[in-house]
Enquirer: 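Before we start, here is the structure in question, set down as structure tokens.
Model, not experiment: these values are computed from the prediction.
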Amino acid sequence: MTDFLVRITISLKEGVLDPEASLIQRALENLGFPTGELKTSRQFLVRFHAENADDARKRAEAMCERLLANPVIHRYEIEVMK
């Protein structure tokens, strides 16, 4: 088994309202930082043992599907690092 570090980024799917992003965008504009678009996401760095990078990716996908992401509103990206 090898130690892997996996970066999981969870964000809202296209078309899903992001009220937190809207609030931050308005606040930035009020501070003089106009933006064309702003979206929020959550990032998790998880270290665990796996047989290989493919196994690490599969385990991270299972984490997303079972707990970290709601498949109705979220999409996720997984980056396997060593």
Enquirer: Linking I/L/V/M/F/W/Y whenever any side-chain heavy atoms sit under 4.5 Å apart, do Leu31 and Leu38 land together?
Expert: yes

Enquirer: If two hydrophobic side chains count as joined below 4.5 Å and joins carry through other members, does Leu17 share a cluster with Leu23?
Expert: no

Enquirer: List the atom of Ala60, the atom of Phe48, and the distance in Å for their closest heavy-atom pair.
Expert: N-CZ, 4.5 Å

Enquirer: If you round to the nearest 0.5 Å, how far is CG of Asp55 from CE of Met1?
Expert: 7.0 Å

Enquirer: Is there a donor-acceptor contact under 3.5 Å from the side chain of Arg59 to the main chain of His49?
Expert: yes

Enquirer: What is the minimum heavy-atom distance between Lys82 and Asp3, and which atoms define it?
Expert: CG-O, 4.2 Å

Enquirer: How close do Ile73 and Val16 get, heavy atom to heavy atom, and via which atoms?
Expert: O-CG2, 4.0 Å

Enquirer: What do the steps show when you test Glu65 against Tyr76 for side-chain hydrogen bond (donor to acceptor under 3.5 Å, both in side chains), and what is the final call?
Expert: CA-CA 9 Å; Glu65 292 170 8; Tyr76 56 86; 3.0 Å; yes

Enquirer: So, does Arg57 use its side chain to make a donor-acceptor pair with the main chain of Ile78 at under 3.5 Å?
Expert: yes

Enquirer: Is Asp18 close to Glu20 at the side-chain level, that is, under 4.5 Å between some pair of heavy atoms?
Expert: yes

Enquirer: Glu79 versus Met81: any side-chain heavy-atom pair under 4.5 Å?
Expert: yes

Enquirer: Do Phe4 and Phe44 belong to the same hydrophobic cluster, where Ile, Leu, Val, Met, Phe, Trp and Tyr are linked whenever their side-chain heavy atoms lie under 4.5 Å apart, directly or via other members?
Expert: yes

Enquirer: Hey, is the main chain of Pro71 close enough, under 3.5 Å, to the side chain of Lys13 for a donor-acceptor pair?
Expert: yes

Enquirer: Heavy atoms, side chains only, cut-off 4.5 Å: are His74 and Leu68 in contact?
Expert: no

Enquirer: Mind listing the closest non-hydrogen atom pair of Lys39 and Ala21 along with its distance?
Expert: CA-CB, 4.0 Å

Enquirer: Shortest non-hydrogen contact from Ile10 to Ala69?
Expert: CD1-CB, 3.9 Å

